[in-house]
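What you see is a predicted model; the values in this text were computed from it and never measured.
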Amino acid sequence: MEKRRTLFDYLGQVFMLFGWIIFILNIFCRIFGESARGYSTMFVLGNEGLSVDIMLQFFFVEVSIVIIRYLFFTDAIIKALSITKRTIGMIISTMSIITTFIITFHWFPIDQWQPWALFFLCFIISFFFSVLIITWKERIENKKMEEALKKLKESKGRIK
């Protein structure tokens, strides 16, 4: 039985994603900030950190991703699609939103292939690690459920 989610569950997801992305971007600022200062609006402060504008932009990206995840992975809107098609739809939608933000807010020069290649590489790596973490979490939860079911069957066997 799936737990009924509340607005606070979704806000928690937004802030968790936002926290991770800001953490990673701040590491990038420390490593590449000075050399990328004039190259990207993300690194306008060099290695001093992220601007408020960039943090707000990423916050809205994360809100959009959580909304898309809700649309694709609950039965509220899309009921007939397989998990594979839902995942593909989520990836395409997420890439579209991020691409829109890249172009709109000039996160990097859009007429150069290198930043796009790095963006897609980072996206693929992030997706791969997300799948690994989700799979790992699911295995742990399944193992706990199997153990609980085994204990329940053992306790019912002793009662008879």
Side-chain angles (χ1 to χ4, degrees), residues 1-33 36 40-108 115-116 118-152:
M1 186 168 88
E2 190 170 318
K3 176 187 165 194
R4 187 177 175 105
R5 301 209 179 265
T6 67
L7 177 63
F8 294 111
D9 294 317
Y10 294 109
L11 285 174
Q13 289 177 12
V14 167
F15 284 111
M16 182 189 65
L17 289 170
F18 178 71
W20 276 110
I21 196 68
I22 295 302
F23 174 73
I24 291 166
L25 286 172
N26 275 303
I27 290 171
F28 285 175
C29 282
R30 283 290 188 197
I31 297 170
F32 308 111
S40 168
T41 59
M42 281 193 278
F43 302 109
V44 71
L45 300 177
N47 65 3
E48 296 299 314
L50 300 169
S51 71
V52 172
D53 290 341
I54 290 296
M55 286 193 282
L56 288 173
Q57 291 164 17
F58 273 93
F59 178 77
F60 288 115
V61 167
E62 303 312 333
V63 168
S64 301
I65 289 171
V66 169
I67 290 170
I68 288 171
R69 184 174 178 215
Y70 172 79
L71 294 175
F72 278 100
F73 291 104
T74 63
D75 290 335
I77 307 291
I78 302 171
K79 295 179 183 182
L81 289 180
S82 69
I83 194 74
T84 303
K85 289 179 181 176
R86 290 180 189 213
T87 302
I88 291 168
M90 166 107 183
I91 291 169
I92 291 169
S93 299
T94 300
M95 291 292 289
S96 299
I97 287 171
I98 295 172
T99 300
T100 301
F101 273 77
I102 289 168
I103 293 168
T104 303
F105 298 110
H106 310 287
W107 286 354
F108 55 77
W116 285 106
L118 288 172
F119 162 67
F120 287 116
L121 178 67
C122 288
F123 188 88
I124 290 166
I125 291 169
S126 297
F127 179 75
F128 175 75
F129 278 109
S130 296
V131 168
L132 282 178
I133 290 169
I134 289 168
T135 303
W136 179 55
K137 179 183 174 197
E138 201 169 287
R139 284 183 183 165
I140 290 171
E141 288 174 354
N142 286 342
K143 187 175 179 179
K144 286 181 183 178
M145 290 295 282
E146 285 176 20
E147 289 171 1
L149 184 60
K150 185 179 175 182
K151 286 181 183 178
L152 182 63

Closest non-hydrogen contact found for Val66 with Val14 is CG2-CG2, 3.6 Å
Tightest non-hydrogen contact, residues Cys29 and Gly49, listed as SG-O, 3.6 Å
Notebook entry, point to check: Can we call the ring centroids of Phe59 and Phe15 under 6.0 Å apart?
Noted result: yes
Parallel, tilted or perpendicular, as decided by the 30° and 60° cut-offs, for the rings of [Y] and [X]:
{"X": "Phe127", "Y": "Phe123", "result": "parallel"}
{"X": "Trp20", "Y": "Phe23", "result": "perpendicular"}
{"X": "Tyr10", "Y": "Tyr70", "result": "perpendicular"}
{"X": "Trp116", "Y": "Phe108", "result": "perpendicular"}

Are [X] and [Y] close enough that some pair of their side-chain heavy atoms sits under 4.5 Å apart?
{"X": "Trp107", "Y": "Phe119", "result": "no"}
{"X": "Ile68", "Y": "Ile97", "result": "yes"}
{"X": "Lys85", "Y": "Ser82", "result": "yes"}
{"X": "Met145", "Y": "Leu149", "result": "no"}

Quick one: does [X]'s side chain have a donor or acceptor within less than 3.5 Å of a partner on [Y]'s backbone?
{"X": "Ser51", "Y": "Met42", "answer": "no"}
{"X": "Ser40", "Y": "Ala36", "answer": "no"}
{"X": "Thr94", "Y": "Ile65", "answer": "no"}

So how far is it from [X] [atom1] to [Y] [atom2], rounded to the nearest 0.5 Å?
{"X": "Glu141", "Y": "Glu146", "atom1": "CD", "atom2": "CD", "result": "12.5 Å"}
{"X": "Leu17", "Y": "Phe58", "atom1": "CG", "atom2": "CZ", "result": "12.5 Å"}
{"X": "Asn142", "Y": "Thr135", "atom1": "CG", "atom2": "OG1", "result": "10.5 Å"}
{"X": "Asn26", "Y": "Ile31", "atom1": "CG", "atom2": "CD1", "result": "11.0 Å"}
{"X": "Ile27", "Y": "Ile22", "atom1": "CD1", "atom2": "CD1", "result": "12.0 Å"}
{"X": "Ile134", "Y": "Arg139", "atom1": "CD1", "atom2": "CZ", "result": "13.0 Å"}

Exercise. Apply side chain to side chain contact (heavy atoms under 4.5 Å, CB included) to the pair Phe105 and Ile54, showing each step before the final yes or no.
Key: CA-CA 9 Å; Phe105 298 110; Ile54 290 296; 5.8 Å; no
Residue pairs meeting salt bridge (Lys or Arg N to Asp or Glu O under 4.0 Å), one or both in residues 52-74, sequence neighbours left out, come to none
> So does Phe28 have more than 12 non-hydrogen atoms from other groups sitting under 6.0 Å from CZ?
Replying inline: no
